[in-house]
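I have placed the structure first, in the form of C-alpha cells, so that the comments after it can refer back to it.
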Amino acid sequence: MAKRAAAGKDDVNVSKEVRALVEGNKDIRGPEVISILKERYPSVEFNENSVQVAYANARKKLGLTRTRSEEHTSELQSHLNLVCRLLLE
C-alpha cells in the first residue's frame, strides 16, 4: 500500500509521485526528489525517511539498483563482526 504524506485535501501518494520522478529521470538523486516534492506541494509536510524509502523502492522496481558483492558487504561490516564471521568460516 502506498504511503500518504498527509491526510486531508492535500493527499499525496508519495510512492506514485516518486516513481514518476525516477521514471522521468533515472539519474535523479534522493535529495532532489525531496526538493521537487516540497516545491510541488508546499503545504504538505513530507517525512523525508518515507520519501527515501519510496525512492529506493522505485529504483529497485525499475531495475536501477546495483547489488553488492559479498566482499563489498563484508567491508561494510564492523571489524568485530568481520572477525567473528571469519572465525566462523
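Every value quoted in this text rests on a predicted model; they were computed, and no experiment measured them.
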Would you please test Gln52 and Ile34 for side-chain contact (heavy atoms from CB on, under 4.5 Å) and show each step?
CA-CA 8 Å; Gln52 287 289 0; Ile34 293 169; 3.8 Å; yes
Could you give all pairs that pass the side-chain hydrogen bond (donor to acceptor under 3.5 Å, both in side chains) test and reach residues 23-38, with sequence neighbours left out?
Lys38-Glu48
Under the side-chain contact (heavy atoms from CB on, under 4.5 Å) test against Arg59, which residue among Val22, Val18, Ile28 passes?
Val22
CG/Leu21 to OH/Tyr55 distance, rounded to the nearest 0.5 angstrom?
10.5 Å
Applying side-chain contact (heavy atoms from CB on, under 4.5 Å), can you list everything that pairs with Asn57, at least two apart in sequence or on another chain?
Val53
Quick check against the 3.5 Å criterion: does Arg19 have a side-chain atom that pairs as donor or acceptor with the backbone of Ala58?
no
Could you tell me which non-hydrogen atom of Val14 sits nearest to which non-hydrogen atom of Ala54, and how far apart they are?
CG1-CB, 4.0 Å
